[in-house]
Peer 1: 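Dropping a structure here in structure tokens format, bear with me for questions.
Naming: A, B, ... by sequence-line order, numbering from 1 per chain. Values reported hereafter were calculated over all heavy atoms of this structure, with side chains retained and with hydrogens, waters and symmetry mates removed.
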Number of protein chains: 2
Amino acid sequence: MDNFKNLDPLLHSQLRLAIMSILMNVDSAEFVYIKEKTEATAGNLSVQLDKLSQAGYIKITKSFKGKKPLTSCSITKVGISAFEKYVDDLKQYINP
Amino acid sequence: MDNFKNLDPLLHSQLRLAIMSILMNVDSAEFVYIKEKTEATAGNLSVQLDKLSQAGYIKITKSFKGKKPLTSCSITKVGISAFEKYVDDLKQYINP
DNA sequence: TAAAGTAGTTTATATTATAAACCTAATTTA
DNA sequence: TAAATTAGGTTTATAATATAAACTACTTTA
């Protein structure tokens with residue numbers, strides 16, 4: 001309980017944290033839904049989803065809704081663990 | 001309770017958050033003490049303390065301990081409010 | 001069929017964090 | 001007492017990160 005634990009840099013980012021926060025509470029979410037909830041630009045969201053996916057924190061499934069592309073995201077077990085650890089580590093910073 | 005609040009970018013940084021966390025719990029702290037607790041390099045610490053000071057979140061007092069320079073830091077009222085707001089905003093991200 | 005819209009991705013730029021190099025003064029060692 | 005070492009920083013250069021602008025590919029509407 002002495003020094004500060006390093007916060008997972010992948011999660012210590014407002015947008016990625018918001019994405020993970022959403023995905024913690026749903027089975028899966030579509031690109032457009034996440035975009036609206038986070039108020040992120042599509043470009044930024046695309047990049048950050050990719051990073052989370054690269055890390056294995058989320059799973060991205062590309063399909064079609066009718067004839068339009070549809071990107072769906074869901075959190076993985078690894079992602080859940082990482083999120084929980086992040087929250088736990090963070091407590092050290094925000095509690096007296 | 002719908003969309004995500006923006007997290008104060010000045011506080012949403014591991015090192016600056018650690019600095020503020022320390023200063024929330026003491027009257028004042030010396031540069032070297034903060035450096036040890038946070039395990040930051042002196043250069044990085046110097047820069048980040050300066051940013052917090054510029055924002056009015058902390059007060060930096062430069063004096064001498066014997067013949068050596070001594071930099072002391074303390075949190076301001078503005079800093080306390082900002083920290084508390086940050087923690088509050090953050091809860092939206094980490095609670096279900 | 002031209003213009004506008006949807007759902008994204010790629011790439012260029014701005015911002016931020018970090019470390020390396022540097023400074024000044026004091027102290028120790030040879 | 002000259003040279004190296006240490007303390008306590010600051011400044012500056014670089015690496016990493018976030019963001020927005022521009023672009024792609026396809027679809028719908030006028």
Peer 1: Any side-chain heavy atom of B/T61 within less than 4.5 Å of one from B/T71?
Peer 2: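 No; the side chains remain at least 4.5 Å from each other.
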
Peer 1: Could you check how far CD1 of B/I60 sits from P of D/dG8, rounded to whole Å?
Peer 2: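 Distance, rounded to whole Å: 16 Å.
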
Peer 1: Do B/V47 and B/Y33 share a hydrophobic cluster (ILVMFWY, side-chain heavy atoms under 4.5 Å, transitive)?
Peer 2: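 Different clusters: B/V47 never reaches B/Y33 through Ile, Leu, Val, Met, Phe, Trp or Tyr contacts under 4.5 Å.
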
Peer 1: Would you mind checking if B/K35 and B/E30 are paired as a salt bridge, meaning a charged N to carboxylate O distance below 4.0 Å?
Peer 2: no

Peer 1: Using OP1 and OP2 only, check whether a side-chain N or O of B/K62 sits under 4.0 Å from D/dT10.
Peer 2: yes

Peer 1: Taking the side chain as every heavy atom from C-beta outward, state whether B/L17 and B/H12 have any pair of such atoms under 4.5 Å apart.
Peer 2: no

Peer 1: Using a strict heavy-atom distance below 4.0 Å, which residues from residues 63-76 of chain A are in contact with DNA chain C?
Peer 2: A/K68, A/P69, A/L70, A/T71

Peer 1: Report the distance from atom CD1 of B/I34 to atom C1' of D/dG9, rounded to the nearest whole Å.
Peer 2: 13 Å

Peer 1: In this structure, how many angstroms lie between the P atom of D/dT10 and the CG atom of B/D50, rounded?
Peer 2: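 Value for this atom pair: 8 Å.
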
Peer 1: Are B/L70 and B/L23 linked, directly or through intermediate hydrophobic residues, by side-chain heavy-atom contacts shorter than 4.5 Å (ILVMFWY only)?
Peer 2: no

Peer 1: Rounded to the nearest Å, what distance is computed from the CD1 atom of residue A/I19 to the P atom of nucleotide D/dA18?
Peer 2: 10 Å

Peer 1: Which atom pair, heavy atoms only, marks the closest approach of A/I58 to A/L49?
Peer 2: CD1-O, 3.6 Å

Peer 1: Roughly how many Å is it from CG in A/L10 to C1' in D/dT17, rounded to a whole number?
Peer 2: 11 Å

Peer 1: Measure the distance from NZ on A/K35 to P on C/dA7 and round it to the nearest whole Å.
Peer 2: 9 Å

Peer 1: Quick one: does B/I22's side chain get under 4.5 Å of A/Y93's, heavy atoms only?
Peer 2: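 No - every pair of side-chain heavy atoms lies 4.5 Å or more apart.
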
Peer 1: Atom CG of A/L45 to atom P of C/dT6: distance rounded to whole Å?
Peer 2: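 That distance rounds to 17 Å.
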
Peer 1: Report yes if some heavy atom in the side chain of A/Y57 is under 4.5 Å from a heavy atom in the side chain of A/V78; otherwise report no.
Peer 2: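 Touching, per the 4.5 Å side-chain cut-off.
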
Peer 1: Take nucleotides 15-22 of chain C nucleotide by nucleotide from the 5' end and write B, S or -, depending on whether a protein heavy atom sits under 4.0 Å from the base, only from the sugar-phosphate, or from neither.
Peer 2: --SBBB--

Peer 1: Would you indicate whether the side-chain heavy atoms of A/S46 and A/F31 approach each other to under 4.5 Å?
Peer 2: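 Of all side-chain heavy-atom pairs linking A/S46 with A/F31, at least one is under 4.5 Å.
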
